[in-house]
Structures are given as structure tokens and as C-alpha cells.
Protein chains: 2
Amino acid sequence: MAHKRDREATRARLLECSRLRFARDGYDGTSVRDVAGDVGVDPALVFRYFGSKSGLFTEAMAGSSAPVVLPDGPVEELPAKLLRQLVFEDWSEYAGEHPLIAMLRSSGHEDTKDRLRQQVCEGYLDVLSQLADGNEDKNLRTELFAAWLLGIGILRTAVGTPTLTKATEEELLPHLAAVAEALFGRPVPTE
Amino acid sequence: MAHKRDREATRARLLECSRLRFARDGYDGTSVRDVAGDVGVDPALVFRYFGSKSGLFTEAMAGSSAPVVLPDGPVEELPAKLLRQLVFEDWSEYAGEHPLIAMLRSSGHEDTKDRLRQQVCEGYLDVLSQLADGNEDKNLRTELFAAWLLGIGILRTAVGTPTLTKATEEELLPHLAAVAEALFGRPVPTE
DNA sequence: CCCTTAAGTCATCGATCGGTGACTTAGACC
DNA sequence: GGTCTAAGTCACCGATCGATGACTTAAGGG
């Protein structure tokens, strides 16, 4: 009675809730009953709509690729933008972590690993590689910088290292500029 | 009759096999029956020795803290040593990944997160912080460098990014030196 | 108003999980 | 060789999981 009978709307709500569960608890830690319970629907409906649990997982992860910065501004501002998005944005909708970091928890499954790689490559490396233009090991430098951003996010949220967890964006920006300059050989403004 | 009745030896074999399982399949993906089967022993024995599954997990992870570089050489060589150990060493005994990276898969459990943090702090940050001596944000710089090393390991093994995965140690060392110098403000020899 | 269609539910299955307690057997010691 | 202790086994419990198929009910059209 709380909701009308709307197949597409129910499907969408299942996907949304499952995304949060999968991100927070991982694939194995999430049960179909949990997700159905969040939506207020019978678990059997999940199998009617998605065939299986892994079908739900695949579709949920496919729809979560949205949050990626588009290269709309000058390339020099990209590192700061990505850092802000990866680390400091409010991901409370995704259980407090960037979806990419959360997805790492399920990287034991080969499907997840493939999607993870695809998302990192298309969403981050393609954009970041502009910064490495003119350098010798362009791709390697790009991936090394992406590794740093990812590592910062992980130390902050998944490990909970003391200093980095409490660091503010303003404290991080100077070091970001220094490392970016060292890797890309060009000045990167902090503002 | 394959093995004699030796409590300590059986305990050790259970720990060793569980370490590999936990690393490769995560906490939830590993069953007590799996581990006992690897050792060729009854699953009930696991509970007799470790009380519970999480007891086995805790003890297994506590015992895997061994692989940490000791600061025996000059501090300038630490980054290269840690990179070699984290990324290029042969971790086939641990399913091909450094235990720390593997442990990230189970970082949904708070116990694992605590142990992970402790291991990163004591095993890596304490050693690395010598490099940041004399700098302003000593701890922050140290954690930022550790984040980079961890991120490199993750991109290589858990994500499988194209260029970094195939990179050799010799290709990475110059960039390691550049970033270390940018973060710590002191030259870091590549050899 | 009724009847069809599809959205959603219910009961249940088989497998697997962590965990427990009673039991069996191997090995050292006298 | 008998006996005692501890290493290891066996049978089983309750809970939970993914999954299936038969069922019920809400909504729209004639």
C-alpha cells in the first residue's frame, strides 16, 4: 500500500538499495533477503526481475558508473578535482565510501575485477592522461598518479590511518601539487 | 597416517592454509570446512584449537605480519625496498598478493580493519617516517607516501591496470625517486 | 462488473554454514 | 601389554542462504 504496483519503479528501487548493500557489505555479505527487505518487497521478486543474485549485482554495478568527473575545466585543475571527488565528497549514499573503493571488497570475483578495471581506465586514466602529455612514460605516469589517489582514499576509509583520516582538503592540496609536478613535470596550481 | 599426531604441527598447518584461503577468497568466502579439508583434518578440530572461525582468522592474520622490512640499511633505500617487497616480491604463497592487499577484501569486518590499521602503522608508517624527519607535516607526508605504495600494489594486483601491471621494477624506480623527493624534500637514490 | 494480465507473495526445497558434545583412536609411559 | 591422556572424528543442530513454482491480488479495459 506504501507504493503502487510499478514494475520499473520497483526495479529501480531494488537496484538502488542493492548498490548500497553491495558497497557497504560486499557481495557475500549481502543477501537477497536484505535487499528485498530494504525495498519492502518479497525476496522472490528479485529473482523474477534479475534472474539471480549475481544478475542483480551485475546490473547494480553497471548503473553505478555515473560519478566521474568530466574534463570540462583546464587540465591543471584535474588532480584537485579528482582528489575532492574521490576523497572528500559526501558518499553517504554509498555507505560513506567512493563506489570504486567499496567495489574493491568484492574484487575476488573476476566479474567485479573486470568492471573495476574498466571503470578506472575509462573514468580516470583516460581523463588524467592529458596531464602526462609530452612525457616519456605517459601511461605509466598516469597510472602511478591514479594509484596515489586511490591509495589515499583507501588509507582514509578502509584502513583508517590516523593522520590522513583527519586531514583536510587544504592540508592535502600542497602535497598533491608537489607530487603531480614531480610526476608530470608541469606546475599544478592548488587553486 | 599421512601425518603424526602433533598438535602444534597441525595448528601451524591450519594457520598456513587458512591464511591462503582468507587472502584469496576473503573472510566470508572461506569456510572452516575448506580449511580443514586442505589440511586433511576434521572441521571440528578448528573449533577445538581456535574457538571460532573469527578466532582462526585473527590468529592467522596476526601470524602473517612477519613480512615487513626492517630498517637495517640506510633510510634512503627504504622506499625502493618497500616497493620491491610490496609489489615485486613473490607472494605466490599468499595467492599472488601481498597479505595487506588481500586483507583489504575483508576490511568490511571491523576486526580486520583494526588489524589492518595496526599492521600498516607499525609495519610501514613507523619505518617510513624516518624519511620525513625534518619536514613540517611529518606524519602526513609519511602516510601519503604509504598510500602511494599501497595504491600501486592495488592497481597491479586487484584492479589489473594495463601499463602498471606489466611495468618492471627498473621502470618504476625513477618515478619512485621523483615522488619520494617531492614528498620528503631529500634525494632518494634509485640504487 | 467482470475478466484478463501482470505485479507481488507464500511455502518450501536443498545446500551450506558455524558451532557443539559425545565418541574413538593413537601414542607415550610404567 | 595394559592404561591413561590428548589428538582427532562423528553425528547432528539451528540458522541462513539462493532459488523455484504455485498461488494471490491489484489494476485496466471491455
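Throughout, protein chains are lettered first and strands after them, A, B, ... in sequence-line order, and every chain is numbered starting at 1.
The interatomic distance linking Asp6(B) (CG) with dA28(C) (P) rounds to 10 Å, in whole Å. When the C1' atom of dG18(D) is taken as reference, atom CG of Asp42(A) falls 13 Å away, rounded to whole Å. Atom NZ in Lys53(A) sits roughly 15 Å away from atom P in dT16(C) (whole-Å rounding). The distance from atom CD of Glu8(A) to atom P of dA6(C) is 14 Å, rounded to the nearest whole Å. At whole-Å resolution of the value, CZ in Arg33(A) and P in dT20(D) are 13 Å apart. In this structure, Tyr27(B) places its OH atom 11 Å from C1' of dC17(C), rounding to the nearest Å. Rounded to whole Å, atom C1' of dG8(D) lies 15 Å from atom CZ of Arg11(B). One interatomic measurement links the two molecules: CG of Asp28(B) to P of dA15(D), which rounds to 20 Å at whole-angstrom precision.
If you take CD on Glu143(A) and SG on Cys121(A), they are separated by 6.5 Å, rounding to the nearest 0.5 Å. The CG atom of Asp42(B) sits 9.5 Å away from atom CZ of Arg33(B), with the distance rounded to the nearest 0.5 Å. Between Leu86(B) atom CG and Trp148(B) atom CH2 the span is 12.0 Å, to the nearest 0.5 Å. Considering CZ of Arg84(B) and NZ of Lys81(B), their distance stands at 8.5 Å, rounded to 0.5 Å.
In this structure, Ser54(A) reaches neither bases nor backbone, as no heavy-atom distance under 4.0 Å exists between it and the strands shown.
Between dT16(D) and Ser31(A), no contact under 4.0 Å exists linking OP1 or OP2 to a side-chain N or O. Contact between the side-chain N/O atoms of Thr10(A) and the OP1/OP2 oxygens of dA7(C) is not found at any separation under 4.0 Å. Listed pair Arg5(B) / dA26(C) fails the phosphate criterion, with no side-chain N or O lying under 4.0 Å from OP1 or OP2. The side chain of Tyr49(B) contributes no N or O atom lying less than 4.0 Å from OP1 or OP2 of dA7(D).
The side chain of Val32(A) lies closest to dG18(D) when the candidates are dG18(D), dG8(D), dC12(D). The nucleotide whose nearest atom lies closest to any side-chain atom of Ala44(B) is, among dG8(C), dT20(C), dT20(D), dT20(C). Of the candidate nucleotides dG18(C), dG18(D), dT9(D), dT9(D) has the atom lying nearest to any side-chain atom of Val41(B). Considering only side-chain atoms of Ser52(A), the nucleotide from dT9(D), dA19(D), dG8(C) that sits closest is dA19(D). Looking at the side chain of Arg48(A), the nearest of the listed nucleotides dC10(D), dG18(C), dA7(C) is dA7(C). The Leu45(A) side chain lies nearest to dG8(C) when the options are dC10(C), dT9(D), dG8(C). Residue Phe47(B) places its side chain closer to dG18(C) than to any other of dG18(D), dG18(C), dG8(C).
With a 4.5 Å cut-off on side-chain heavy atoms, Leu83(A) and Val87(A) count as touching.
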